[in-house]
Amino acid sequence: MGLLAPAFLAGLAAISIPVLIHLIHRERRETLAFPSLMFLRKIPYRSVRRQKLRHIALLVLRCAAIAIVAAAFARPFLARRFAAAPIGSDAREVVIVLDRSYSMAHGGRWSRATAAARTIARDARSVDRVSLVAFGSSAAQLTEPTGGAERVERVLLILHPGSEPTRYAAGLRMAAQILGASELPRKEIILISDYHKSGFSPSDEVPLPTGAVVKTVDVARGETEDVAVARVAVARGRAREQVRATVTARLINLGATAQNVAATLELSGRRVETRRVTLPARGSAQAVFSAVNVTSTATPGVVRITPDSQPANDAFFFVTAEESGASALIIEPGQPRANQSLYVSRALSVADDPPVRVDVKSASVITPSDLRGRSLIVVNEADVSPGLAEQLRASVEGGALLLVAPGERARISWPEQWRARLPAVVGAPVDRPDGASWSSADFSNALFEPFRASGGADFSSVTVTRYRTLTPSTDSAQVIARLDNGAPLLVERLINAGRVLLWAASLDPQWTNLPFHPLWVPLMHQLARRSIAGRESPLWFTAPHVLDVGGDPDVIVETPTGERLRGNTAGIGDRHSLDLRDRGFYEVRGGATAIGAGRPIAVNVELAESDLSHFDPAELVAALTARSQRGAEASTRAIIPGTVQEMERRQSIWWYLLLAAALLLAAETMLANRISTPAVERRVVGGGAS
Amino acid sequence: MTSTSAPGAQFLDPAVLARISSLELRARAVVEGFIQGLHRAPNLGASTDFAEHRPYMPGDDVRRVDWRLYARTDRYHVKEFEADTNTNFIVLLDVSRSMAYGDKLQYACTLAACLAYFSSLQRDRVGLATFDQGVVEYVPPSAKHLRLVLYALDHAGASVATAPSEKTSRYRDVFQRLADSVRRRSMVAIISDLYEEPDDIVAAVNYLRGRGNDLMVLHVLDQRELEFPFTEASNFVDLESGDRMPIIPEYLRDDYRALIRDHMATLARRLGGQGVDYAHFDTSLPMDRALFRYLGARRRFERSRKVG
């Protein structure tokens, strides 16, 4: 039991007032007529000093009312609700679920949260078991139930808010697992959080053990002021063979008052430019920085604003690099037909999203360097030597898209390893003088997905007068386009990260009218887009994100917190995945690469977590208990005072005390009336006699 | 103490009587109720001396109708007999300030009226003397003075002295003067609260008794004078003298009760020893006992007179 305003206890001194009144009133003598004092005079005179209190019940009521009123104004609260529980068979399994999403860094939320967790750990009895679970978008059990409260307190000293958004389901599921494995009779989850609205979804399924009680500690205090860097856009342009980038930052003001902030652009750790931006209340504005030259290598950049109460969203990390796009190589025979590759190369070269660099080379002059970095390789009726076949295999396995059109000049003498990698066996040409129409396409395939809206009607006007018969060779091969007679027109096969497409007709108007068809250019652009799918490098990632960093066993990852990860420490299978959880720059480099020369990876926080919307913890408790303990033992909800301010907000004992004082005063009035009535009657009688 | 369960006792209840404003009606109610309760006891006069006839009036006892005269005159006449006595009955009523306490004076007046009315019914000569420090009003005994007596009793409340008394023994002077005024042997009823020393009272009574009067002393007290039920410490004011005295009742209650009971016992013993009938009356109790006392005293008086 504690008091929020103990100074009001001085009011207890007022108890002396009714005591004095009762004593003084005792001394006020009334005059009473009596027939004769003859007998009274005969009684020996005794001097009595009499300070006797009368109407003790009335006095007690008055003193009690004053004492209760004074106690009510002192605002008592129960500070140790847990410690009051009797020790015995009611040992508790307590799981402290601590929110360490980056919104907890706002103002004093984190200090309040750790103070509340520390209080809970200290108040636990020796028979209780306490464990600590920290969560953001994922959860981690930081202490074992048998570790004791001291262990929890030590962990709290080194724990800080992360960069992840809030996902209550993650922390609660882990807590439920701990409680489910416990044999103790009482199970409690104490969720300490700022109750960020975006972290709670009513559809989250958290199966709580029967009898588990969810208690909440809300550390939010209605914080309303925050300015964040929401997004950064990098517009590239060329000037005098130099790539220039214009960085634009979008700033948002989540508070109710307008703000003027300074936005600073940093590239490679060097401050480039600072601009002042005025943000309206609950509005946004842009900070446009001057164009800067960028190199072909990835350059880390940061846009920072004046630090405020929420530091996690005051800086936005990104990577700027030279413009990237698709690179296509068209391999044609040593003696091609006229304009054999013209239609393909022209269709690809006019693409701008992404831009495609197109090279056309003869098969006989192809070198490995010609294939390096190519995302799209087109074998346009060219001979494939064993050496070229091996180079093509490496490129495909590295992620390139290979389009093969056997055409008229395709040789049956293709090397065996080359033929084995094609998705289908190439047969003899078939003539269709009447022109076979393109009857069907697999719109679930990414290549044709943009054309789904037409329902294939656009392809029906494509006619093929001669084609190679294609017989899918493996189960992994998939026919994604057919002619009206069912003959495969396009067959696809995945080989590692790359894929091979086998086209039954020609890529010029020799066998089909497709190059003159309106679909030709869009189809080629989609082919180029498809060739780089998954290979483009975003300017930043949003935590949490799992990134494939390749299969190099010597890879080293430097995290924003200074931690260094090596080899397979974070590997999944034979490729390494990197769990991006902290905001800032990760650096991925090979074992021989110098520090700072690796590939920078920018990671930012999820902007939704910056939203200051708060929800009532009761909703969460109601959702959990209603779902998990339906028909079972009812779960109770209690608010645990985290700090003195929290207690002040929550405590309500003083209302009951005031009510008790009012009842006492009412009883005092009734009693006083009852006591005073006979006295009045006596005075009337006596007065009448005299 | 007397019982209130006799038939007609409801007419004697002080609370009922208090609602009757006329003293005569009040006295009649008491006496007639009392007579009914006695079932027409033969204690009423038994004289056989014929006096006169008078016309029958409704309410007369039919047994008193003279049937012989009816046979002669064809009219109803009732025989009137001579009064069985010519006794003087005098009430000495204390109207000092102490009698104004509570209902004491009203009770005493009613008591006096009842006795006077009762006596008048038996054709006694009725007289009254009210006194405090001296005789306030005196109505000499006469068979026709009942109205005067009742009138004087009605105004007895106004006769309460306004000035405090300074005398220590007032009964002696008053009774001595009255004894000189009453020349014939009489029945004397003294109604007072008797706030005087027993020796003085007995000495004063002896003045009356020495003249051959038959005395009965009716000691009228309020219940509070007997029980002293007060709880508040107060300044008690003596109604007689005006003296003040700070009193804490709870400390003096037991002593007071013992003293007043001793006072009453002393009076009963001393007066009884002098042949004076003494009775104590609580104003909260019915007054039929007073009438019994009166009848007993009257019988004694008759016997003593015949003997004398």
Side-chain angles (χ1 to χ4, degrees), chain A residues 17-62 667-690, chain B residues 94 96-106 160 162 164-165 168 192-198 200 220-226 228-264 283:
Chain A
I17 295 174
V19 174
L20 288 175
I21 287 174
H22 280 239
L23 285 172
I24 293 170
H25 187 65
R26 183 70 187 89
E27 295 302 314
R28 194 184 66 200
R29 294 176 184 275
E30 300 168 357
T31 299
L32 194 63
F34 199 65
S36 175
L37 301 180
M38 187 177 84
F39 302 112
L40 296 172
R41 287 196 185 97
K42 292 179 180 177
I43 301 171
Y45 179 76
R46 282 181 291 176
S47 176
V48 178
R49 184 171 181 81
R50 191 165 174 273
Q51 292 287 336
K52 184 177 179 182
L53 291 169
R54 63 173 188 169
H55 305 318
I56 296 298
L58 198 59
L59 176 63
V60 168
L61 281 178
R62 288 168 176 169
E668 185 269 343
T669 303
M670 294 175 61
L671 184 60
N673 283 335
R674 177 164 294 186
I675 288 174
S676 63
T677 302
V680 170
E681 288 177 355
R682 279 197 298 275
R683 277 197 293 275
V684 168
V685 171
S690 60
Chain B
D94 185 358
S96 64
R97 295 189 58 162
S98 64
M99 288 294 286
Y101 186 71
D103 298 330
K104 216 160 56 173
L105 184 61
Q106 186 186 22
V160 173
T162 54
S165 169
T168 56
S192 174
D193 51 10
L194 301 177
Y195 277 116
E196 209 156 293
E197 291 301 326
D200 295 332
V220 178
L221 291 173
D222 190 277
Q223 193 175 26
R224 286 170 287 175
E225 295 172 86
L226 293 169
F228 207 64
F230 309 104
T231 56
E232 304 288 330
S234 308
N235 281 317
F236 279 60
V237 180
D238 190 329
L239 286 176
E240 293 286 355
S241 64
D243 293 344
R244 289 172 178 268
M245 190 173 180
I247 298 293
I248 301 175
E250 59 193 83
Y251 285 180
L252 304 180
R253 185 177 296 117
D254 293 340
D255 291 340
Y256 176 87
R257 285 176 180 173
L259 284 171
I260 195 161
R261 277 168 177 66
D262 181 63
H263 178 71
M264 291 161 61
T283 57

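Because the structure is predicted, anything quoted here is derived from the model rather than measured. Chain naming here is simple, since letters A, B, ... match the order of the sequence lines and numbering starts at 1 in each.
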Undergrad: Just so I know, are the side chains of B/Glu240 and A/Met38 near enough to count as touching, which here means a heavy-atom distance under 4.5 Å?
TA: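 The answer is no, as the side chains (C-beta and beyond) never meet within the 4.5 Å cut-off.
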Undergrad: To the nearest 0.5 Å, tell me how far A/Leu37 CG sits from B/Arg244 CZ.
TA: 10.5 Å
Undergrad: Indicate yes or no: at least one non-hydrogen side-chain atom of A/Leu40 is less than 4.5 angstrom from one of B/Ile247.
TA: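 Yes, side chains in contact.
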Undergrad: With rounding to the nearest 0.5 angstrom, report the CD to OG distance, B/Glu196 to A/Ser36.
TA: 10.0 Å
Undergrad: Heavy-atom count around B/Arg261 CZ within 6.0 Å, excluding the residue itself: above 12?
TA: yes
Undergrad: Specify which of B/Leu221, B/Asp103, B/Val237, B/Asp238 makes the most heavy-atom pairs with chain A at under 4.5 Å.
TA: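 With the most close heavy-atom pairs to chain A, the winner is B/Asp238.
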Undergrad: Given the rule in the side chain to side chain contact (heavy atoms under 4.5 Å, CB included) test, do B/Asn235 and A/Leu32 qualify, once you have shown the distances and angles that lead to the verdict?
TA: CA-CA 6 Å; B/Asn235 281 317; A/Leu32 194 63; over 6 Å; no
Undergrad: Show your working on ring pair (Phe, Tyr, Trp, His ring centres under 6.0 Å) between B/Tyr256 and A/Phe34 and close with a plain yes or no.
TA: CA-CA 13 Å; B/Tyr256 176 87; A/Phe34 199 65; 5.8 Å; yes
Undergrad: Below 4.5 Å, heavy atoms only, C-beta onward: do B/Lys104 and A/Pro35 meet side chain to side chain?
TA: yes
Undergrad: Any ion pair linking A/Lys42 and B/Asp255 (charged N to carboxylate O, less than 4.0 Å)?
TA: no
